[in-house]
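Some notes on the structure that comes next.
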Amino acid sequence: MNQVNESTIEEFILLGFSHQPWLEFPLFVVFLISYIITIFGNLTIILVSCLDSKLYTPMYFFLTNLSLLDLCYTTCTVPQMLVNLCSIRKVISYSGCVVQLFMFLALGATECVLLAVMSFDRFVAICRPLHYSVIMHQRLCLQLAAASWIIGFSNSVWLSTLTLQLPLCGHYIIDHFLCEVPALLKLSCVDTTVNEAELFFVSVLFHIIPLTLILISYAFIAQTVLRIQSAEGRQKAFGTCGSHLTVVSLFYGTAISMYLQPPSSNSKDRGKMVSLFYGIIAPMLNPLIYTLRNKEVKEAFKRLIARVLLIKK
């Protein structure tokens, strides 16, 4: 194959599930419904958290960041996927691929760090309740949120640069439905062992370390909760953590199976399915998990609806 300078690349072909055309219409319907639910659910959480003064707490500040992140996450991939599922030529421009790669890496890494920050917030709330307002003051919350975004985007600058500077060969056919590092590495003309090692290192750094910190936080939380005498008190304490633990399980479970499992004969299709769940289904489920399991959010949503109806009258 001939090596071609990246400046001559105009577009990539995204194979996606084109070898299974019967899947395209069902997937289009599923993706469209999931995207609508994701937009509505996450916007609802953002509006409720910003407009209801009773939710002006660190927990809902971080939840607002998570909802904003999920909105951006799905928007950088799903619209392009919907267009390609309806098109004969399933392509993405080179600049579009670069943006998609950068945002997918940045937002994924940011969510890893943000979920660890949210577990720290729950640790302080349950294990240090008398000092909670002193420790989790507004400035610290802003710093923790900003650090999550900065770390995530810094990671993306590094990995995106390393990936995009590789010389590419062939017809620029990506056997995926989005521009992702593993899929782009397969187009390279040179040995990518170093890049694969760097990707594995970053995956460990952003998945295993935050997950370890989350597990340590919840070990202390469980120890504190078990000391509570009343069953009602224990249930209330666990209830505030249940939604976060569910989201952590969904996010890290799919992420680890995508990046940290060894390659196998069916790893290509497995990677596609995991990416679907990781980038589409999980962001859709997050607002549902937080609203269905959280009385404060449901009450705030009712107050918001009542306020809107009152204005219309």
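What you are looking at is a predicted structure, and each value in this text was computed from that prediction instead of being measured. FYI, the numbering just counts along the sequence from 1.
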Going by atom type alone, with no hydrogens or angles, which donor-acceptor pairs under 3.5 Å involve a side-chain atom of residues 212-222 and a protein atom two or more places apart or on another chain?
from : atom 1 : to   : atom 2 : distance (Å)
T212 : OG1    : I208 : O      : 2.7
S217 : OG     : L213 : O      : 3.0
Y218 : OH     : H244 : ND1    : 2.7

* **Minimal non-hydrogen separation, L85 against E24, with atom names** => O-OE1, 3.8 Å
* Test side chain to side chain contact (heavy atoms under 4.5 Å, CB included) on L178 and L14 and set out the steps. => CA-CA 7 Å; L178 56 86; L14 297 173; 5.8 Å; no
* Asked: How far apart are the closest heavy atoms of G152 and T110, and which atoms are they?
  -> CA-OG1, 3.4 Å
* Hphob cluster co-occupancy, I150 + V202, side-chain heavy atoms under 4.5 angstrom -> no
* Determine, using the 4.5 Å side-chain heavy-atom cutoff (strictly less than), whether F40 and V247 are members of one ILVMFWY cluster. => no
* **N65 side-chain N/O to F61 backbone N/O, donor-acceptor pair under 3.5 Å** => yes
* Within a reach of under 6.0 Å around CD of Q143, are more than 12 heavy atoms found that belong to other residues, nucleotides or ligands? -> yes
* **F251 and H207 aromatic ring geometry - parallel, tilted or perpendicular at 30°/60° bounds** => tilted
* **Trace of the side chain to side chain contact (heavy atoms under 4.5 Å, CB included) decision for M59 with R122** => CA-CA 8 Å; M59 175 176 150; R122 293 298 83 209; 3.6 Å; yes
* Does the side chain of D70 reach to within under 4.5 Å of the side chain of M284, using non-hydrogen atoms? -> no
* Structure fact -> Rounded to the nearest 0.5 Å, the CG atom of N155 sits from the CG atom of L205 at a distance of 8.0 Å
* Cluster question for you: counting only ILVMFWY and a side-chain heavy-atom cut-off of under 4.5 Å, with indirect links fine, are V83 and V29 together? -> no
* Check each of S156, S160, C76 against L101 using the side-chain contact (heavy atoms from CB on, under 4.5 Å) test, and report the only one that passes. => S160
* Decide yes or no on side chain to side chain contact (heavy atoms under 4.5 Å, CB included) for V113 and F206, but give the supporting numbers first. => CA-CA 7 Å; V113 180; F206 279 92; 4.0 Å; yes
* Please walk me through it: do E196 and K186 pass salt bridge (charged side-chain N to carboxylate O under 4.0 Å, His left out)? -> CA-CA 10 Å; E196 290 170 5; K186 294 177 182 177; over 6 Å; no
* **Salt-bridge present (K90, E11; N to O < 4.0 Å)** => no
* If every non-hydrogen atom of G242 is compared with every non-hydrogen atom of T246, which pair is closest and at what distance? -> O-OG1, 2.8 Å
* **F104-Y73 aromatic ring centre distance below 6.0 Å** => yes
Ignoring hydrogens and angles, write down the donor-acceptor pairs under 3.5 Å from the side chains of residues 47-56, residues two or more places apart or on other chains.
from : atom 1 : to   : atom 2 : distance (Å)
S49  : OG     : I45  : O      : 2.8
D52  : OD1    : K54  : N      : 2.9
D52  : OD1    : R303 : NH2    : 3.3
D52  : OD2    : R303 : NE     : 2.9
D52  : OD2    : R303 : NH2    : 2.9
Y56  : OH     : C50  : O      : 2.7

* Do any N or O atoms from the side chain of Q80 and from the backbone of V91 form a donor-acceptor pair under 3.5 angstrom? -> yes
* Heavy-atom donor-acceptor pair, Y252 side chain to C112 backbone, under 3.5 Å -> yes
* Structure fact -> Here the pair of heavy atoms bringing L71 nearest to T38 is CD2-O, 4.0 Å
* Under the side chain to side chain donor-acceptor pair (under 3.5 Å) rule, what do Y35 and T75 come out as? Steps first, then yes or no, please. => CA-CA 8 Å; Y35 187 53; T75 301; 3.1 Å; yes
* According to a 4.5 Å side-chain heavy-atom criterion applied to Ile, Leu, Val, Met, Phe, Trp and Tyr, with indirect links allowed, do F28 and W22 form part of one hydrophobic cluster? -> yes
* **Side-chain donor/acceptor of S119 to backbone N/O of A116, under 3.5 Å** => yes
* Asked: Does the side chain to side chain contact (heavy atoms under 4.5 Å, CB included) test come out yes or no for L144 and M136, once each step is laid out?
  -> CA-CA 10 Å; L144 289 173; M136 299 301 295; 4.2 Å; yes
* To do: Decide whether V124 and V134 are clustered together by the hydrophobic rule: side chain heavy atoms of Ile, Leu, Val, Met, Phe, Trp, Tyr closer than 4.5 Å, transitively.
  => no
